[in-house]
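In what follows, chains are A, B, ... by sequence order, proteins preceding strands, each numbered from 1. Computed over heavy atoms, backbone and side chain alike; hydrogens, waters and symmetry mates excluded.
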2 protein chains.
Amino acid sequence: MTINQDTFTGEFSYTIDIKGRVNIPAKFRQSLAPENDQTFVITRGMDPCIWVYPLTAWQIIEDDLKDLSAISGINRSFIRNTVRYASSVTFDKQGRIMLSSNLLNYAKLKKNAFIIGMVNKIEIWDPSELAKVDKQNLTMDSSEYDALAEKIIL
Amino acid sequence: MTINQDTFTGEFSYTIDIKGRVNIPAKFRQSLAPENDQTFVITRGMDPCIWVYPLTAWQIIEDDLKDLSAISGINRSFIRNTVRYASSVTFDKQGRIMLSSNLLNYAKLKKNAFIIGMVNKIEIWDPSELAKVDKQNLTMDSSEYDALAEKIIL
DNA sequence: ATTGTTTACCCACAATTACCCACAATATAT
DNA sequence: ATATATTGTGGGTAATTGTGGGTAAACAAT
């Protein structure tokens, strides 16, 4: 019945309403471990999308950041940019979370959104952005992609 | 009485009902190891068919994906495309699983389906697609095929 | 305080899914 | 062969899920 806790797979299509709310797939809500207390941490992804972490997973990232020395300027910049756009969100009784307009703009999200399980995190994409980025990666680095496919035995 | 756990062989013909449910052959259900908790993971195959993994087999793939660094865009694309169409399904009291319309379309499945044991996974095919792909491979790469036949002593 | 705006918390409802039960066809046992 | 269990297929019903919107509390600015 339950997969690994805090493990997410699959693609789902949802609509973002006027208030900026999106549904979190029921499956993802159920596989979110109880100690996360129904909260995710959302932030900017490395791609033009929103990254959604289970709270406990994000806390590990924060702990790692604490270990970085503040003497180095580059460390401070790294910490700043990692945490800057992150905020924790709880989902409401209907299973939705609120997205800030800052994140919505960053991911170019409008009305429709794909929510994709990325094993240990979740991504929220605008459909056309997803297609664009995916196509780009596959055409530019197709040999690297094939190398991965050889390595991971499906 | 039992072959190796999580090992599947043979071909079976079933019908997909209006709700998108297909039967999993009783033989396959019985050879699914108990620790899978009656769940499979279904996803797009490399051929136009549906791939069905025992849960524990799929989790090994997920673990491999977790080890890939998220810094590389091509890695993210690979993870995304591998996991994107995957979802875990439990079979009901009658031994059926539900197939999403996304996967049904991808595999061009209509009313009839062949379910084929592929040793460590299971494939679900539309009969005519299977014939087409098989014929194509055998005519185009017949010498490679023969080389394999030499290697695997039957 | 008085506004206006944003956020949190409800309720409503259509659509989908999960969970049952029925039954014919096949297989197994006595 | 006859009885009994198992398997494959269909369908009904209740619960869940996704989506919209309403209202009141919290907050900000004047």
Base of D:dG21 paired with side chain of A:R21 (donor-acceptor, under 3.5 Å) = yes
When rounded to whole Å, the CG to C1' distance for the pair A:D17 and C:dC13 reads 16 Å
Looking only at side-chain N and O atoms, does B:K93 come under 4.0 Å of OP1 or OP2 in C:dC19?
-> no
What is the distance from atom CG of A:N36 to atom CD of A:Q5, rounded to the nearest 0.5 Å?
-> 8.5 Å
Give a yes/no answer on whether the side chain of A:Q30 brings an N or O atom under 4.0 Å of OP1 or OP2 in C:dA18.
-> no
In whole Å, what is the span from the CG atom of A:L99 to the P atom of C:dA8?
-> 12 Å
Picking from C:dA18, D:dT19, D:dG11, the nucleotide nearest the side-chain atoms of A:Y14 would be D:dT19
Could you check whether B:K19 gets within reach of a base, just the sugar-phosphate, or nothing at all, counting any heavy atom under 4.0 Å?
-> base
Which residue, B:N23 or B:D92, contacts DNA chain D at a nucleotide closer to its 5' end, judged by nearest heavy atom?
-> B:N23
Side-chain donor/acceptor contact of A:R96 with base of D:dG20 under 3.5 Å | yes
With respect to the phosphate group of D:dG20, does any side-chain polar atom (N or O) of A:T15 fall under 4.0 Å of OP1 or OP2?
-> yes
Atom CZ of A:F12 and atom P of D:dT19 are separated, to the nearest Å, by 12 Å
Option among B:K111, B:K110, B:K132 that satisfies the salt bridge (charged side-chain N to carboxylate O under 4.0 Å, His left out) test with B:D126 = B:K110
Gap between atoms CG and P, on B:N112 and D:dG8 respectively (whole Å) = 15 Å
Is there a side-chain polar atom (N or O) of A:Q94 under 4.0 Å from OP1 or OP2 of C:dC13?
-> no
Which of parallel (below 30°), tilted (30 to 60°) and perpendicular (above 60°) describes A:F91 and A:F40?
-> tilted
Round to the nearest Å and state the distance from A:I124 atom CD1 to D:dG18 atom P.
-> 13 Å
So, is B:K27 near the phosphate of D:dG8, with a side-chain N or O under 4.0 Å from OP1 or OP2?
-> no
Nearest-angstrom distance from the residue atom CD1 of B:I16 to C1' of D:dG10 = 15 Å
A:K151/A:D146 ion pair, N-O < 4.0 Å | no
Between C1' of D:dG22 and CD1 of A:I18, the distance in whole Å = 12 Å
Given the side-chain rings of B:F28 and B:F12, with only the six-membered ring counted for Trp, is the space between their centroids under 6.0 Å?
-> yes
Determine: side-chain N/O of B:R29 to OP1/OP2 of D:dT6, distance under 4.0 Å, yes or no.
-> no
Whole angstrom is fine here: how far is it from CD1 in B:I97 over to P in C:dC19?
-> 15 Å
